[in-house]
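Report on the following structure.
So that the names make sense, note that chain A is the first sequence line, chain B the second, and so on, each numbered from 1.
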Number of protein chains: 2
Amino acid sequence: MTDESRPGVGPVSLATVAAQAGVSIATVSRIVNGETRRASAETVERVRQAIKAVGYHPNQLGRALRNRESRLVAMLAANLDNPVMATIAASTEAALRQAGYVMILCDTHDRPDLQDDYLNAMRSQVVQGYVMVASQPSPGLRDFVERGAPMVFVSRRSPFGECSFVGPDNIAAGSAAADYLLDRSIEEPAVVYPSRESSTTRERVKGFCDRVIARGIPADRIRRADGPGISHLEIGYAAAQHFSAPHAWPRGAMCISDQVAYGVHRLARESGVQIPHDCEIVGIDGSPLNAWLAPWLTSVEIPHPEFGPSIVELLVSLWGGEPPREHLMPHRLAAALER
Amino acid sequence: MTDESRPGVGPVSLATVAAQAGVSIATVSRIVNGETRRASAETVERVRQAIKAVGYHPNQLGRALRNRESRLVAMLAANLDNPVMATIAASTEAALRQAGYVMILCDTHDRPDLQDDYLNAMRSQVVQGYVMVASQPSPGLRDFVERGAPMVFVSRRSPFGECSFVGPDNIAAGSAAADYLLDRSIEEPAVVYPSRESSTTRERVKGFCDRVIARGIPADRIRRADGPGISHLEIGYAAAQHFSAPHAWPRGAMCISDQVAYGVHRLARESGVQIPHDCEIVGIDGSPLNAWLAPWLTSVEIPHPEFGPSIVELLVSLWGGEPPREHLMPHRLAAALER
DNA sequence: CTGAAAGCGCTTACAG
DNA sequence: CTGAAAGCGCTTACAG
């Protein structure tokens, strides 16, 4: 009996099975791979027995090396503690698994240098594709993009050239938020966003402002509030300070994410401002927690659980040699449960 | 020039570098691995040039096969959409990375059959260790445990024999919750939990009840409310129905997780019960969101961001041939921000 | 100081 | 119907 104290690291290889069954490893390999009609029924049976007897499981390392495909895909995400990214990670993992791939997960903490470290490490792992969730521009990333590595960008577009993309239509989402507030006759709406640049923020804010203006409100009637840092919660809290005294709060505000909205809400609570009575808030994301903890929040819901299948579809099409494409995911407005 | 259109999948191997530099692959290998004093300075230089010129990056597949170590670790988590597990995943990933390992992430959706599929798939990937977050009992798992696969259980203990474990001291956490309520002179405290069995739930409830009783309150004065299903939010909401009419609500309740508490709170809100004024709630987890969205919630805080390093430490010690150990993480009470 | 060779586990054209 | 051999990329004892 072979030493099987450590399954998977143990020495159970094709050779073990071959010896046990008294055939060549070529024959075993064929049978393991279902090439079963090319062998005698008797041999097939004997090999199957042997496989069971020794507890054989194919070694993907050997396969990967030989077939030049690791069936590994890397996801580089900016911050897994963010529930939006966690949901995207979960749905992508499920979709990859279904397609027969395995997901390596990397948390870049939104740092370009770490992102580059990870890109290099993943190349060394011979991953077959890269899923970049809310990536940052970085020298390494530029390099990979230019060399045509199979990459799908999620939520944030590639900062370098045309690449596959899965995400919401941020402009449209911003417009939808504007419509909601304007339909409720709010005439000096505010918009709350991170000071730090990003295409997502830019587009959402733009979609919002353009629609407000298109509906006849002068640009200078839009109140803009931004906040520093990286945590959207803190950003919302800090940005809302611009509303200073209670009587200066706007009657309605759009926040570029639900988390920003939570931050704004906290300051409102501390300031005695009633949400949504005094100030209607509309966020973007449609977090499932809203129904439970933020019934005061209206949100433009993005179907993050459906990102996974789209991401895998785009990856597969890149592998098939097709050009990069974009999947803009639909949104829908989820009105506040409570007035 | 070699075809480098697909970095990492391209044909840039030791052989490429060797040819470019006019040396053997053995020499290149040594230099790549820092075995630099055994070669002439001139050769080292020439090889370094060649590495740059052809854009060489070592292939981990080859290394793994030869060295019999993949540097891959699998995490099987019950549900990544749960923020607690997302945080554990993030911290584990970071700690593994720091130790030079790469994390494959699998979401088992709390299903024993999927868990077994993943275990087998991961063995085929030749992972060197398994991190089981809130695992279920399953035949495959039993098998792996019995064969001594290097495994660390997180949050829920192994259902089979002694295994390494990282998690809170659930009994103590339950006691702490009891103390909080009793210190506030609540004499008929409630406890809210999932109907479905799990060691975590059992221990937290036990810790709570034992302490309540120890402090002189008869067991039958503890109001027990459970709810069906898998979502802790829904469980809390359903369980709180046991409190039926508003006047029947307890003056204090401990929920075995923050998410259960959110569910209870939703029903309270819908029923016109004021939290925490009418009913003090204490949860377990200490979600970072509490300060923002659930200022009414007191919570026994578990340091999930610190799980990662402990998990890796236990894994490393298993690799070193040491016996399984347990790391019980400390908790602290985070009182509600709002009264 | 450097290289040829063996071998990690696998698959596949080729020969018989 | 079956097997010997080559080779995927790598490292390492061994020989020179």
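The same atom, P, is picked in C/dT2 and in D/dG9; the two are 24 Å apart, to the nearest Å.
Atom C1' of nucleotide C/dG7 and atom CG of A/Asn59 are separated by 14 Å, given to the nearest angstrom. We find that CD of B/Gln125 is positioned 16 Å from P of C/dG9, with the value rounded to whole Å. Put simply, NE2 on B/His57 is 15 Å from P on D/dG9, counting in whole angstrom units. With rounding to whole Å, A/Gln60 atom CD is found 19 Å from C/dC8 atom P. Rounded to whole angstrom, the span from the CD1 atom of A/Ile51 across to the C1' atom of C/dC10 amounts to 14 Å. Atom-to-atom, CD1 of B/Ile31 to C1' of D/dT11 comes out at 14 Å; the value is rounded to the nearest Å.
We find that A/Arg123 and A/Asp117 are not joined by a salt bridge, their nearest charged nitrogen and carboxylate oxygen being 4.0 Å or further apart. Contact check on A/Glu326 versus A/Arg157 returns a salt bridge, with a Lys/Arg side-chain nitrogen under 4.0 Å from an Asp/Glu carboxylate oxygen. Salt bridge A/Glu93/A/Arg97: absent, no basic N to carboxylate O contact under 4.0 Å.
The backbone N or O of A/Pro83 sits less than 3.5 Å from a side-chain atom of A/Thr87, completing a donor-acceptor pair. Counting only distance, with no hydrogens or angles, the side chain of B/Ser164 and the backbone of B/Leu314 share no donor-acceptor pair below 3.5 Å.
Using Watson-Crick or G-U wobble geometry with both donor-acceptor distances under 3.5 Å, D/dC1 finds its partner in C/dG16.
Each of C/dC10, D/dA4, C/dT2 was ranked by its minimum atom distance to the side chain of A/Pro58; first place goes to C/dC10. Minimum atom distance to the side chain of B/Ser40 is reached by C/dT2, of the listed C/dT2, D/dG9, C/dC10.
Within a heavy-atom distance below 4.0 Å of DNA chain D, no residue of residues 43-50 of chain B is found.
Taking only side-chain nitrogens and oxygens, A/Arg63 never comes nearer than 4.0 Å to OP1 or OP2 of C/dG9. Residue A/Arg68 places none of its side-chain N or O atoms closer than 4.0 Å to OP1 or OP2 of D/dG7.
As judged by a 4.0 angstrom heavy-atom cut-off over every strand, B/Leu61 is placed among residues making no nucleic acid contact.
B/Ile88 has its side chain within reach of B/Met75: a pair of non-hydrogen atoms, C-beta onward, lies under 4.5 Å apart.
Residue A/Gln98 places its CD atom among 12 or fewer non-hydrogen atoms of other residues, nucleotides or ligands, all under 6.0 Å distant. Within a 6.0 Å radius of CD in A/Glu162, no more than 12 heavy atoms belonging to other residues, nucleotides or ligands are found.
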Could you give me the CA-CA distance, side-chain angles and deciding distance for A/Ser138 and A/Gln115, then say whether side-chain hydrogen bond (donor to acceptor under 3.5 Å, both in side chains) is met?
-> CA-CA 8 Å; A/Ser138 71; A/Gln115 178 173 283; 3.0 Å; yes
Please tabulate the protein-to-nucleotide N/O contacts below 3.5 Å involving nucleotides 12-16 of chain C, giving atom names and distances.
{"from": "C/dT12", "atom 1": "O4'", "to": "A/Arg66", "atom 2": "NH2", "distance (Å)": "3.0"}
{"from": "C/dA13", "atom 1": "N6", "to": "A/Arg30", "atom 2": "NH2", "distance (Å)": "3.2"}

